Amino acid sequence: MDDINKKQIPRPYMLENFEQTERLEKYLHLAHKRIFPKGAIVQAQGKNANSILYVKSGCLGVSIGSDDGCTKFLFHINEKTIGAAINSNEDNSEVQVYAIRKSTVYFFALEDILEIFDEDKQVFLGVIQNILDKSYCLMAKTRDLSYYRPSSRILRFIYNLCISEGKFVDNYYIINTKLTQKTIGDITGTHYVSVSKLFKMLEEQRILKKTKDRIYIYNLSKLASMIDEVLKY
DNA sequence: TCATTAATTTTCT
DNA sequence: AGAAAATTAATGA
């Protein structure tokens with residue numbers, strides 16, 4: 001009666017796996033190209049915008065401001081994905097987009113993107129899918145923030161990453177990823193120092209090992225079981 | 001338990 | 001060498 005309807009591991013939803021639209025590269029000549037150095041503002045808070053942007057290389061971050069001037073991270077716009085900034089009303093958007101590292105970005109005016117949609121329905125579907133992915137991501141993230149403690153959010157993220165991208169070889173999993181601890185912290189809504197401490201603890205227990213562009217998972221079942229534990233580290 | 005800050009060390013380019 | 005990322009410790013909510 002009780003636990004039957006509870007969703008158990010595996011929990012398949014992967015935060016921030018946004019649809020890529022490489023197909024848009026065919027139309028880059030219609031767009032306006034700009035290069036942003038690290039830290040530069042791509043779309044300022046409070047500015048009206050009407051375009052779809054495509055990140056050819058680099059990575060952007062989207063954050064939302066609050067009254068006290070602080071800003072909270074929302075999600076990344078990685079390369080080969082799009083971002084939509086279409087404000088139909090005059091209200092100022094509280095959202096800000098900035099370059100996390102040096103990025104080359106192409107801006108499509110609304111008229112042009114509509115033309116492209118006309119002749120290339122795959123692009124259209126890709127854009128819709130991407131926006132849908134983002135709304136789902138935000139739903140999942142708000143759920144995680146309210147239901148789960150930080151350590152379990154980090155563990156669950158790694159677990160899902162392993163399930164979706166890990167390759168099983170020689171008795172352990174290899175995930176090819178260049179994620180930094182800072183990025184994992186942003187995605188999971190935790191502090192990078194917490195990520196660092198947790199990873200150190202997991203390494204000491206021979207559960208996993210992280211290098212610059214790989215994560216090795218030696219004990220996935222142990223990792224999974226720790227998601228619901230209250231950890232000290 | 002975890003965020004935050006700051007100081008320090010390690011790793012990357 | 002300089003920048004970026006990670007670690008460590010201390011403090012406080």
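Remember, predicted model here, so these are calculated numbers, not experimental data. Every chain is numbered from 1, with letters handed out A, B, ... down the list of sequences.
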Write down the distance between CD1 (Ile154(A)) and P (dT1(B)), rounded to a whole number of angstrom.
13 Å
Could I get the full list of side chain to side chain contact (heavy atoms under 4.5 Å, CB included) partners for Asn17(A), not counting sequence neighbours?
Tyr13(A), Met14(A)
Quick one: is dC2(B) close enough that its OP1 or OP2 comes under 4.0 Å of any side-chain N or O from Thr190(A)?
no
Result for side-chain contact (heavy atoms from CB on, under 4.5 Å) between Leu74(A) and one of Asp186(A), Val97(A), Val62(A) points to Val62(A)
All pairs passing ring-ring contact (aromatic ring centres under 6.0 Å, His included) where residues 161-195 of chain A contributes a residue, at least two apart:
Phe168(A)-Tyr173(A), Tyr172(A)-Tyr218(A)
Separation of dC2(B) P from His191(A) NE2 (nearest whole Å)
14 Å
Can you get from Leu30(A) to Leu114(A) by hopping between Ile, Leu, Val, Met, Phe, Trp and Tyr side chains that sit under 4.5 Å apart?
yes
Does the side chain of Ile77(A) come within less than 4.5 Å of Val42(A)'s, by heavy atoms?
no
By salt bridge (Lys or Arg N to Asp or Glu O under 4.0 Å) - contacts of Lys56(A) (at least two apart)
Glu25(A)
Just list the side-chain donor-acceptor pairs under 3.5 Å for residues 100-108 of chain A, sequence neighbours left out, or say none.
unit_1	atom_1	unit_2	atom_2	d
Ser103(A)	OG	Cys59(A)	N	3.0
Ser103(A)	OG	Cys59(A)	O	3.3
Ser103(A)	OG	Arg101(A)	O	2.6
Thr104(A)	OG1	Ser57(A)	OG	3.2

Strictly under 3.5 Å: I want the nitrogen or oxygen pairs between protein and nucleotides 9-13 of chain B, one per line.
none

Counting neighbours of CZ on Phe73(A) that are heavy atoms of other residues, nucleotides or ligands and sit closer than 6.0 Å, is the number greater than 12?
yes
Could you run down nucleotides 5-13 of chain C 5' to 3' and tag each one B, S or - for protein heavy-atom contact under 4.0 Å?
-SSBBB---
